[in-house]
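Here's the structure, in structure tokens; my notes come after.
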Amino acid sequence: MRSEENGTKREALWEQAKLASELAYSPYSGVKVGAAVLDSQGRIHSGCNVENASYGLTQCAERNALATAIAAGARPGELVEIAVYATSFEVLSPCGACRQVMVELLSDTATVHCGSDRGSINSWPIESLFPSPFKLEES
């Protein structure tokens with residue numbers, strides 16, 4: 001992708017993550033999280049967090065966006081970038097469960113962008129968020 005086109009896609013990705021956060025169901029924490037993932041075909045898939053009274057059953061926005069991409073036909077390794085936006089956070093980074101799912105579904109060269117309504121955007125290559133991951137070894 002050309003750098004101008006890449007910047008436009010990144011802006012759209014970020015906007016979709018913000019819009020998804022507005023749909024979050026978060027009556028317990030009050031934190032609204034949205035995520036948007038870009039696939040290799042240029043499609044954007046989004047998801048939001050969905051909390052539950054049994055807190056361990058809460059679904060993170062990142063995993064919901066990744067599952068939406070897979071349900072739309074994207075294959076593991078074809079997801080090239082993800083943006084995560086949250087309200088009420090200074091610094092945001094994905095939880096361990098999301099990192100595990102990201103490392104399996106995102107491209108090995110994917111970038112993860114995280115930010116909030118209170119802070120700046122941080123970006124990392126997936127390999128730096130989860131070095132030496134537990135992952136299916138393809139033969």
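FYI, side chains are in, hydrogens and waters are out, and symmetry mates aren't considered; it's all heavy atoms of this structure. Just so we're clear, the structure is a prediction, and the values are computed from it rather than from any experiment.
- The hydrophobic cluster containing Leu129 also contains Leu105, counting ILVMFWY residues as joined when their side-chain heavy atoms lie under 4.5 angstrom apart, directly or transitively.
- Not one N or O on the side chain of Ser88 forms a donor-acceptor pair closer than 3.5 Å with the backbone of Val31.
- The side chain to side chain donor-acceptor pair (under 3.5 Å) test applied to Ser107 returns Thr109, not counting sequence neighbours.
- Residues Ala20 and Ser46 share a closest heavy-atom pair of CB-CB, 4.0 Å.
- For the atom pair Leu38 CG and Glu78 CD, the distance stands at 11.5 Å (nearest 0.5 Å).
- Screening residues 43-64 for salt bridge (Lys or Arg N to Asp or Glu O under 4.0 Å), with sequence neighbours left out, gives Asp39-Arg43.
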message = Using side-chain contact (heavy atoms from CB on, under 4.5 Å), reason through Leu66 and Leu106 one step at a time and then give a plain yes or no.
response = CA-CA 8 Å; Leu66 290 163; Leu106 292 175; 3.9 Å; yes
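- Sequence neighbours left out, not one pair with a member in residues 17-36 passes salt bridge (Lys or Arg N to Asp or Glu O under 4.0 Å).
- Legend: residues meeting side chain to side chain contact (heavy atoms under 4.5 Å, CB included) with Ser54, ordered by chain and number and at least two apart, are Asn52, Leu57.
- Smallest separation of non-hydrogen atoms from Ala61 and Gly47: CB-O, 3.7 Å.
- Hydrophobic clustering of Ile, Leu, Val, Met, Phe, Trp and Tyr side chains at less than 4.5 Å, counting indirect connections, keeps Val112 apart from Leu13.
- Annotation: salt bridge (Lys or Arg N to Asp or Glu O under 4.0 Å) contacts involving residues 96-108, sequence neighbours excluded, comprise Asp108-Lys135.
- The line from OG of Ser120 to CG of Leu92 is 11.0 Å long, rounded to the nearest 0.5 Å.
- Contacts classified as ring pair (Phe, Tyr, Trp, His ring centres under 6.0 Å) and involving residues 41-68 (residues at least two apart or in different chains) are not found.
- Interatomic distance, Asn49 CG to Ser29 OG, rounded to the nearest 0.5 Å: 6.0 Å.
- Contact annotation: the side chain of Ser26 never approaches that of Thr58 to less than 4.5 Å [non-hydrogen atoms, C-beta and beyond].
- Atoms CD1 and CZ, on Ile121 and Arg10 in that order, are 9.5 Å from each other to the nearest 0.5 Å.
- By the side chain to side chain contact (heavy atoms under 4.5 Å, CB included) test, Gln59 pairs with Val50, Asn64, sequence neighbours left out.
- Across Ser123 and Thr111, no two heavy atoms sit closer than the pair CB-CG2, 4.2 Å.
- Every residue two or more places apart in sequence or in another chain was checked for a side chain to side chain contact (heavy atoms under 4.5 Å, CB included) with Ser132, and none qualifies.
- Following chains of ILVMFWY side-chain contacts shorter than 4.5 Å, one can reach Ile82 starting from Ile70, so the two form part of one hydrophobic cluster.
- Put simply, Trp124 and Val101 are part of the same group of oily side chains (I, L, V, M, F, W, Y) that touch within less than 4.5 Å, one to the next.
- Legend: ring pair (Phe, Tyr, Trp, His ring centres under 6.0 Å) pairs involving residues 59-117, not counting sequence neighbours, sorted by first then second residue: Trp14-Tyr85.
- Ala65 and Ala35 make their closest contact through CB-O, 3.7 Å (heavy atoms, listed as atom of the first residue, atom of the second, distance).
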side-chain contact (heavy atoms from CB on, under 4.5 Å) evaluation trace for Ser116 with Glu90 = CA-CA 7 Å; Ser116 75; Glu90 293 295 328; 6.0 Å; no
